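Written out below as structure tokens is the structure these notes cover.
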There are 2 protein chains.
Amino acid sequence: MSEVTLKTKGVEAVDKALHILSLFTTETPKLSLGEISQRSGYVKSTALRLLISLQNAGLIVATADKNYMVGPQTFRLGHLYQRSLRLEPIVRPVLRALVLRTGESGSFFRREGNIRICLFREDSSQVLREHVPEGEAVGLDKGAPGHVLSEFSDVDGTRPASEGQLGRLPIVSLGERGPDIAGIAAPVFGAAQGLVGAVTLSGPRTRFTPQAIDDMKPLVIQAASDLTGALGGSFYDRLSVVATRFDHVKQG
Amino acid sequence: MSEVTLKTKGVEAVDKALHILSLFTTETPKLSLGEISQRSGYVKSTALRLLISLQNAGLIVATADKNYMVGPQTFRLGHLYQRSLRLEPIVRPVLRALVLRTGESGSFFRREGNIRICLFREDSSQVLREHVPEGEAVGLDKGAPGHVLSEFSDVDGTRPASEGQLGRLPIVSLGERGPDIAGIAAPVFGAAQGLVGAVTLSGPRTRFTPQAIDDMKPLVIQAASDLTGALGGSFYDRLSVVATRFDHVKQG
DNA sequence: TCATAAAATTCCATTGAATAGAACGGTGTA
DNA sequence: TACACCGTTCTATTCAATGGAATTTTATGA
């Protein structure tokens, strides 16, 4: 109610309905009317009517046991979104190559507001692997890709990344997102759009030894550079800079 | 207005907003306010307010050139849907194996109302391949998986598939969905849920020679049987039936 | 099995949110 | 420079959304 009712406002009933939609998360993928009413703060009759509209649109489906889950239309729209970015044919092969050469899992993250979502993921074939499925939203403050997306968020067509920023690449994270999870990430830039996302290799910390990390670092940088090139970006074109700095990073 | 305002109805404003959302398709992923107003029939001021709510929820984003596209929240929700079905860990490996052994692309379709959507897809590495990306909605009347999903749609926990139905498997489609596209499909059943989906191999018609088709048929049947088993289903347990009929099918 | 509790669903008078269309402003085109 | 088109803001009217109570359905357990 008192949330954010400012600016040129939308339609309250729609806001409420979509708020209900947002209650469905990985942790709570299935909710009863009572839970929805409680969590949203809307009385049950109101929540129910909103749910009917959501169901008619196929965004929500009712289960046999009188619960609610997200519906098939979300899937259609979600893939429409994924395709609208036109990144998949570029990113997927690069990730696949990374995974083949390292045996760890490769992902591509994109910043959306103050979270990051896993747009693409290629799993390693290892039995032991961490798991951030595609579509998962994670905070910006944790993990190597999070740092990358924060650090380079102000990069756009007019303001390229500084040498100092590039010098710190790739960013390595050990035990941040979870005690046993490690990751190595680097930013991907587009021509005019600036920061597009972050490419990362991740896996169980036990396999990320100093030696292994040193082996993977140049591969991640190379992948980020390849992707940036494919998107028309040029920040990695100063390869001398990156190469020089990169030697430096390896020592650190 | 006169569309469908019957039954225990929901909330009109929400219906309108979600109708706007449904205007975004593969063919028209990007719409201006004018187009939205025209296609939906809502006056521009109304459409604009609904769009504001949709934007606040992250389901729609405005592009730099004053157009609208689906937003990142659809992606999050879409993958939540995909995961809520709990099919991916089961289906994906089977598809991958199919692709490896045949060189064609494998997909898993699910019926949603009177359309089918591609839930999972594993591309072949061949240069020439047809393309139905994940999330794409296709009609039930065309293509091998469409026929499968139609033919077995009445199968549920209480009414198993008849021998006659099973005998016609797998269903082969040549040049139906497009003049150059061929596919081989078979149904997947769950324990109590009945028909869960259809697994299919598809590719350019030129590679689907009678010989190649005969080679692929048992693999598709086997994949469908494996998936059905993994889901607790048992329709393929009458393997004698399937095997016998299958020999018959090969001759046909 | 029936009684009790809890949840979902329906109903309806009140009211304020959504609406339509006109007016405004901005941008590109002839 | 003027015109035409598109997006955006404004506002009085009205009808759709609301919430709470009533009713029905489902779950629990004695």
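Chain letters run A, B, ... following the sequence lines, proteins first and then strands; every chain starts at 1. Keep in mind it's a predicted model, so treat the numbers as computed, not measured.
Side chain of Thr228(A) to backbone of Phe189(A): a donor-acceptor contact under 3.5 angstrom is found. A donor-acceptor pair is defined here as one N or O able to donate and one able to accept, closer than 3.5 Å; no such pair exists between the side chain of Arg110(A) and the backbone of Glu112(A). Side chain of Ser37(A) to main chain of Tyr42(A): a donor-acceptor pair is present (N/O by atom type, distance under 3.5 Å, no hydrogens or angles).
Taking for each of Asp65(A) and Ala13(A) the nucleotide of DNA chain D with the nearest heavy atom, the 5'-most of the two is the partner of Ala13(A). Mapping Leu33(A) and Val11(A) onto DNA chain C via the closest heavy atom, the residue that lands nearer the 5' end is Leu33(A). Between Gly34(A) and Arg49(A), the residue whose closest nucleotide on DNA chain C is further toward the 5' end is Gly34(A).
Asp15(A) has no carboxylate O lying under 4.0 Å from a charged side-chain N of Lys9(A), or vice versa, which leaves the two without a salt bridge.
Using a 4.0 Å heavy-atom distance criterion, Lys66(A) is classed as a sugar-phosphate-only contact.
Heavy-atom contacts from other residues, nucleotides or ligands closer than 6.0 Å to CG of Asn114(A) number 12 or fewer.
Glu136(B) and Thr26(B) are linked by a side-chain donor-acceptor pair at a separation below 3.5 angstrom, with hydrogens and angles left out of the test. No donor-acceptor contact under 3.5 angstrom links the side chains of Ser153(A) and Ser150(A), judged on distance only.
Of the side-chain N and O atoms in Lys16(A), one or more sit less than 4.0 angstrom from OP1 or OP2 of dT18(D).
Recorded end-axis angle for the helix from dT1(C)-dA30(D) to dA30(C)-dT1(D) stands at 50°, based on five pairs per end and rounded to 10 degrees.
Rounding to whole angstrom units, CG of residue Leu31(B) and P of dC6(D) are separated by 14 Å. The CD-C1' distance, from Glu12(B) to dA17(C), rounds to 13 Å in whole Å. In this structure, CG of Leu50(A) is placed 9 Å from P of dG19(D), rounded to the nearest angstrom. When the P atom of dT8(D) is taken as reference, atom NZ of Lys9(A) falls 16 Å away, rounded to whole Å. Taking atom CG of residue Leu48(B) and atom C1' of nucleotide dC6(D), one finds them 12 Å apart after rounding to whole Å. Here the P atom of nucleotide dA22(D) and the NZ atom of Lys44(A) are 15 Å apart, to the nearest Å. Rounded to whole Å, atom P of dA8(C) lies 18 Å from atom OH of Tyr42(A). Rounded to whole Å, atom P of dA16(D) lies 16 Å from atom CD1 of Ile52(A).
Put simply, CG on Leu50(A) and CD on Gln55(A) are 11.5 Å apart, with the number rounded to the nearest 0.5 Å.
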Under-3.5 Å N/O pairs linking protein and nucleotides 21-27 of chain C:
| from | atom 1 | to | atom 2 | distance (Å) |
| --- | --- | --- | --- | --- |
| dG21(C) | N7 | Ser45(B) | OG | 3.4 |
| dG21(C) | O6 | Ser45(B) | OG | 3.0 |

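Judged as a side-chain hydrogen bond (donor to acceptor under 3.5 Å, both in side chains), and not counting sequence neighbours, His19(A) has no contacts.
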